[in-house]
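Written below as structure tokens is the structure these notes are about.
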Amino acid sequence: MITARQKNNEKISLSLLFKLTKRSILFLFLFLTVLAAFYIIGNYQLFLDSNQKIILNTAAFTAAALLIMSITGITTSVFCIIRKKGKRLYYTANLILIILAAFYAVLFLFLFRSTVILSSGI
């Protein structure tokens, strides 16, 4: 038999997991955007090649981390949509934003990794 306390703990843990995932995705999204801006500015400011490679590798790693967190966020959002009946619109809106963040991560991961490969020579 499930008690009220177990239901309350389940709600708290599910909400906490969703909030942590959402905040991690937001942080990685903004960090990836800043790294992309640094790379673009570095091309015009004539940064050293070694600094540009560090920015590219860091951005590629951040894009991969964002993709992994987005997959986790998608899973959590779908689970929350199924479990929580009162806030389905909220979780559905977050699901759409997380999917867009995943596409953003895939785009930049492909772009930065191909730039690293092409800059190292064929």
Minimum heavy-atom separation for S24 and M69, please, with both atom names. CB-CE, 3.5 Å

Do the side chains of L28 and L111 join up, straight or via other hydrophobic residues, at under 4.5 Å, putting them in one cluster? yes

Closest heavy-atom pair and its distance - K53, S119: CE-OG, 4.2 Å

Check whether more than 12 heavy atoms from other residues, nucleotides or ligands sit under 6.0 Å from atom CG of D49, and answer yes or no. no

Which distance, rounded to the nearest 0.5 Å, do you find between the CG of L32 and the CG of L109? 9.0 Å

Over all atoms of both residues, closest heavy-atom pair of L66 and I25: CD1-O, 3.6 Å

Got a second to check how far I98's CD1 is from T72's OG1, nearest 0.5 Å? 9.5 Å

According to a hydrophobic-cluster definition based on side-chain heavy atoms being under 4.5 Å apart (Ile, Leu, Val, Met, Phe, Trp, Tyr only), do I99 and I82 belong together? yes

Under 6.0 Å from the CZ atom of F47, do we count more than 12 heavy atoms belonging to anything else shown? yes

side-chain hydrogen bond (donor to acceptor under 3.5 Å, both in side chains) involving T33 - partner list, sequence neighbours excluded: Y104

When rounded to the nearest 0.5 angstrom, what distance separates CZ in F31 from CZ in F61? 10.0 Å

Just so I know, are the side chains of F112 and L35 near enough to count as touching, which here means a heavy-atom distance under 4.5 Å? no

Do L56 and F38 belong to the same hydrophobic cluster, where Ile, Leu, Val, Met, Phe, Trp and Tyr are linked whenever their side-chain heavy atoms lie under 4.5 Å apart, directly or via other members? yes

T62 side, atom OG1; L67 side, atom CG - distance, nearest 0.5 Å: 12.5 Å

Restricting to non-hydrogen atoms, name the atom on A63 and the atom on A105 that form the minimum distance, rounded to 0.1 Å. O-CB, 3.5 Å

To the closest 0.5 Å, what do you measure between OG1 (T21) and CG (L16)? 9.0 Å

Is the closest side-chain heavy-atom distance between T76 and C80 below 4.5 Å? yes

If you group Ile, Leu, Val, Met, Phe, Trp and Tyr by side-chain heavy-atom gaps below 4.5 Å, do I71 and V106 land in one group? yes

For K84, which of Y90, Y91, F79, F18 qualifies under side-chain contact (heavy atoms from CB on, under 4.5 Å)? Y91

Is the shortest side-chain heavy-atom distance between V34 and L30 below 4.5 Å? no

Quick check for you: to the nearest 0.5 Å, what is the distance between I55 atom CD1 and I40 atom CD1? 11.0 Å

Do L26 and L95 sit in the same hydrophobic cluster, where Ile, Leu, Val, Met, Phe, Trp and Tyr count as joined when their side-chain heavy atoms come under 4.5 Å apart? yes

Please check if atom CZ in R23 has more than 12 non-hydrogen atoms from other residues, nucleotides or ligands closer than 6.0 Å. no

